[in-house]
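Along the sequence shown, the residues carry numbers beginning at 1.
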Amino acid sequence: FNQEKPAFVVELGDLIDKATTVEQEVGWLGTIEKRYARLSMPRHYVLGNHCVTTLTKEEFAAHTGMSKTPHYAFNEAGVRFIVLDACYREDGVAYGRGNFDWKDSAIPQPALDWLQAQLASAKGPVVIFVHQRLDDSAPHNVKNASAVRAMLEKSGKVLAVFQGHSHKNDCQQIAGIHYCTLVAMVEGSGLENSGYTLLDVMPDHSLRLHG
């Protein structure tokens, strides 16, 4: 990435796996964070379920460069990029210390209200990043994905959603929005199993993926 020089880099969640103790997990997180922090451009974090199986969200943020706010947005070259946190149970309780089933994922109402405001205020196109899937791909999908999609569709501004969780490459187009799932790097070693992708947002708002 330092050679390619993208405007920013995003990891789509599950940056670490679960350890048996908090101390061990913090150590593992420190190892990968040292690598990630070598980037010469801004880096962003999407929370995945493995990130908070041993840690709390606050502990993960304290040992990384992650925003202290799990849902946040930033603008780059006229595009609004929105990071969503779907690490909540359907009853609204935040994930932390393994208090969840990985199949039980949702985006709570306060976050939906915030998302609505972000979409309304965006002056240009929007791209979404989230760990759990917002398309219909059970059991890896967000429980209230249809409500989230309806909000995205109504805005008329969303170009694509980039997601992970199910460890495989996939792409669906629903109501004009691309839902791109990227393969997990944990599935194999070596460059032939690399999961990184470079995204170009073209002047006509078309998207081009490399990787």
Which residue pairs satisfy the side chain to side chain donor-acceptor pair (under 3.5 Å) criterion with at least one member in residues 190-202, sequence neighbours excluded?
Asp200-His210
Going by side chain to side chain donor-acceptor pair (under 3.5 Å), name the pairs with one or both residues in residues 166-179, residues two or more places apart or in two chains.
Arg133-Ser166, Arg133-Asp170, Asp135-Gln172, Ser137-Gln172, His167-Glu187
Hey, mind stepping through Arg89 and Asp101 against salt bridge (Lys or Arg N to Asp or Glu O under 4.0 Å) and telling me if it holds?
CA-CA 8 Å; Arg89 300 188 326 217; Asp101 184 316; over 6 Å; no
Does a donor on one side chain and an acceptor on the other come within less than 3.5 Å for Asp17 and His50?
yes
Quiz question: by atom type and distance under 3.5 Å, do the side chains of Glu25 and Thr21 form a donor-acceptor pair?
no
Does Lys68 have more than 12 heavy atoms from other residues, nucleotides or ligands lying within 6.0 Å of its NZ?
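Yes.
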If you draw a 6.0 Å radius around NZ in Lys18, do more than 12 non-hydrogen atoms from other residues or ligands fall strictly inside?
no
Using a 6.0 Å distance limit plus a 45 degree cone around the ring axis, check whether Lys143 lies over the aromatic ring of Phe100.
no
Checking [X] now: which residues fulfil side-chain hydrogen bond (donor to acceptor under 3.5 Å, both in side chains) with it, not counting sequence neighbours?
X      : value
Asn49  : His131, His165
Ser206 : Asp204
Tyr45  : Glu33, Arg43

Take Glu59 and Arg97 through the salt bridge (Lys or Arg N to Asp or Glu O under 4.0 Å) test and state the conclusion after the steps.
CA-CA 10 Å; Glu59 287 168 340; Arg97 300 242 197 277; 2.7 Å; yes
Taking the hydrophobic residues Ile, Leu, Val, Met, Phe, Trp and Tyr, and joining any pair whose side-chain heavy atoms are under 4.5 Å apart, which ones share a cluster with Val83?
Phe8, Val10, Leu12, Val46, Tyr72, Phe74, Val79, Phe81, Val127, Phe129, Leu159, Phe162, Leu182, Leu199, Val201, Leu207, Leu209
Strictly distance-based, threshold 3.5 Å: is any side-chain N or O of Arg80 a donor or acceptor partner for the main-chain N or O of Gln118?
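Indeed, once roles are kept as given, a pair shorter than 3.5 Å links the two residues.
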What distance separates Gln132 CD from Gln163 CD, expressed to the nearest 0.5 Å?
10.0 Å
